[in-house]
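All remarks here apply to the structure that follows.
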Amino acid sequence: MRDRLGFSLSGADGASREHYESGLAGLQAFVGDPVAHADRAIAARPDFVMAHVLKGWLFALATDPAATAAARDIHAAAAALPANERERGHVAALGALVDGGWHRASDILEDLTIACPRDALALQAGHQIDFFTGNARLLRDRIARVMPQWDASMPGCHAILSAYAFGLEETGDYARAESVGRRAVELEPRDGWGQHAVAHVMEMQSRQRDGIAWMRTDPDRWSTDSLMRVHNWWHLSLFHHDLGDYAEVLSLYDGPVDGGRSDFVLNLVDASALLWRLHLRGVDVGERWTRLADLWAPHASAGNYAFNDAHAMMAFVGAGRTELVETLVATQHEAVARGDDNAAFTRDVGLPATLAIRAFGDGDFATAVRLLKPLRALAHRFGGSHAQRDVLDLTLIEAALRGRQVALAAALAAERHEMRPDSPLSQLFLDRARRLSAAV
């Protein structure tokens, strides 16, 4: 039995293959319920190894402790099944990831896609790992290497283009990124990753009104039944935030961003990042922090992914949950002592970032500046995108302004204005730095 791109599928039959293909297609567009399709494939043929692998990737890439535990069990089931060489590569990479070896999993998948450039699932999983580890170069080049092997007539080509678009954006090739991203959405209008890649371009170029138009044009297309729904609404919120339209940001937070309602950890990250940006601007968000901190509370002792920890700290600080703040800091110290890749993520970036956020909340702006300033060159090490990690830069600038570090505030504001001259937020920082300098 072979899949649509010609790869052998050990243990599959016709019916189970169709469920597997539907699940993979859902993952590639970030729509529907790929886990349910994987479950149906497994139910039809329990020895269908790639159905287990697909489900394992879906859980392992969620960065949620419970999901990781489930992925570990799924990997054990897959490892016990007969498999060909390509499938064994998937099983090995999945095993590395559930054991905390993000970089080892990336390496295995890189070799796999060099040998099998049309392995759509290996490309998809590898691309997500590149994002979670902040590897912008491989985010682009993993896909660039296989581009000659793909064309628009092939099933799932849109996902290859959307991944390439995001890699191009994260490495600063904005014109090509936008062109490729738009092409991905043309091929598959529901492709949430392609929609998101173009939004990233507009965010980095401070094209707020273009971004709003891009996201507001037929949002049902990219939000209906989409796993990227919340994150893409979050991108729309960023455009409104940069324009100073805070009422609309709060409306989006309370509406499609699912703030204070969704307990899916990736959605919690978006909610924290949005409220913290408003907090930096002095916007009163009412009881929203309290509800969000309650949703984050079970993750205070997780210590499995430093990027999540930093966003949990924002909620705990915003809500004044001192006990959760201290639990999270203690958990991060424990994480640093482990031997997995998250130990490095936490040591290099996660722990100083969470301590800086705590210091900012305490009004200790000097400590916040001291901790955040060295992270500017290192922040990519704990994952996320440029747009997501920008919250650390925004916190640093605000800490310098509030701490009356005149020279640093002026320098950071001038730098941001040079990089984003069309951004109203950049102009706001510049004006505040000038007023501070004149006052002092």
Any side-chain donor paired with an acceptor under 3.5 Å for [X] and [Y]?
X	Y	result
Arg416	Ser423	no
Trp296	His311	no
Thr354	Asp309	no
Gln195	Asp191	no
His196	Asn232	no

Hey, is [atom1] on [X] packed in by over 12 heavy atoms from elsewhere, all under 6.0 Å?
X	atom1	result
Arg209	CZ	no
Arg221	CZ	yes
Glu287	CD	no
Arg137	CZ	no
Met147	CE	yes
Arg104	CZ	no

[X] to [Y] - nearest heavy-atom pair and separation:
X	Y	answer
Gly167	His127	N-CE1, 4.4 Å
Pro298	Leu295	CD-O, 3.3 Å
Ala197	Ala165	CB-CB, 3.9 Å
Asn342	Gly303	ND2-O, 3.0 Å

Is any side-chain heavy atom of [Y] closer than 4.5 Å to one of [X]?
X	Y	value
Arg140	Asp173	no
Leu138	Thr133	no
Gln124	Leu54	no
Val269	Tyr305	no
Asp99	Arg72	yes
Pro424	Gln208	yes
His241	Arg281	yes
Arg183	Glu186	yes

Does the [X] side chain pair with the main chain of [Y], one donor and one acceptor, at a distance under 3.5 Å?
X	Y	value
Glu170	His386	yes
Asp341	Trp102	yes
Arg389	Gly383	yes
His158	Val185	no
Asp393	Arg376	no
Ser162	Ala159	yes
Thr113	Leu109	yes
Asn267	Val257	no
Ser251	Ala247	no
Ser426	Arg420	yes

Handout entry: Step-by-step salt bridge (charged side-chain N to carboxylate O under 4.0 Å, His left out) determination, Asp258 to Arg229
Key = CA-CA 10 Å; Asp258 274 352; Arg229 177 182 63 85; 2.8 Å; yes
Once you round to the nearest 0.5 Å, how far does [atom1] of [X] lie from [atom2] of [Y]?
X	Y	atom1	atom2	answer
Asp73	Thr68	CG	OG1	11.5 Å
Glu334	Thr346	CD	OG1	11.5 Å
Leu425	Phe429	CG	CZ	4.5 Å
Ile108	His103	CD1	NE2	13.5 Å
Leu351	His333	CG	NE2	5.0 Å
Trp234	Phe239	CH2	CZ	10.0 Å

Handout entry: Carboxylate-amine/guanidinium proximity below 4.0 Å for Asp422 and Arg207
Key =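 Not counted as a salt bridge, because no side-chain N and carboxylate O are separated by less than 4.0 Å.
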Practice task
May I ask you to decide whether Arg288 forms a salt bridge with Asp254, counting only side-chain N to carboxylate O separations under 4.0 Å?
Solution key: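 The answer is yes: the pair qualifies as a salt bridge.
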Problem - Among Asn308, Leu292, Asp64, side-chain contact (heavy atoms from CB on, under 4.5 Å) partner for Leu268 - result: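 In the set Asn308, Leu292, Asp64, the residue that makes a side-chain contact (heavy atoms from CB on, under 4.5 Å) with Leu268 is Leu292.
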Handout entry: Met313 and Trp276: CA distance, side-chain angles, deciding distance, side-chain contact (heavy atoms from CB on, under 4.5 Å) verdict
Key = CA-CA 10 Å; Met313 181 61 85; Trp276 188 257; over 6 Å; no
Handout entry: Ring centre gap for Tyr20 and His37 strictly below 6.0 Å
Key =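 That pair fails the under 6.0 Å test.
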Exercise for the section: If the plane angle is over 60° it's perpendicular, under 30° parallel, otherwise tilted; pick one for Trp289 and His279. Expected result: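 The arrangement is perpendicular - the two ring planes meet at more than 60°.
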Practice task
Applying ring-ring contact (aromatic ring centres under 6.0 Å, His included), run through Trp233 and Trp222 and close with a yes or a no.
Solution key: CA-CA 10 Å; Trp233 283 113; Trp222 53 259; 4.8 Å; yes
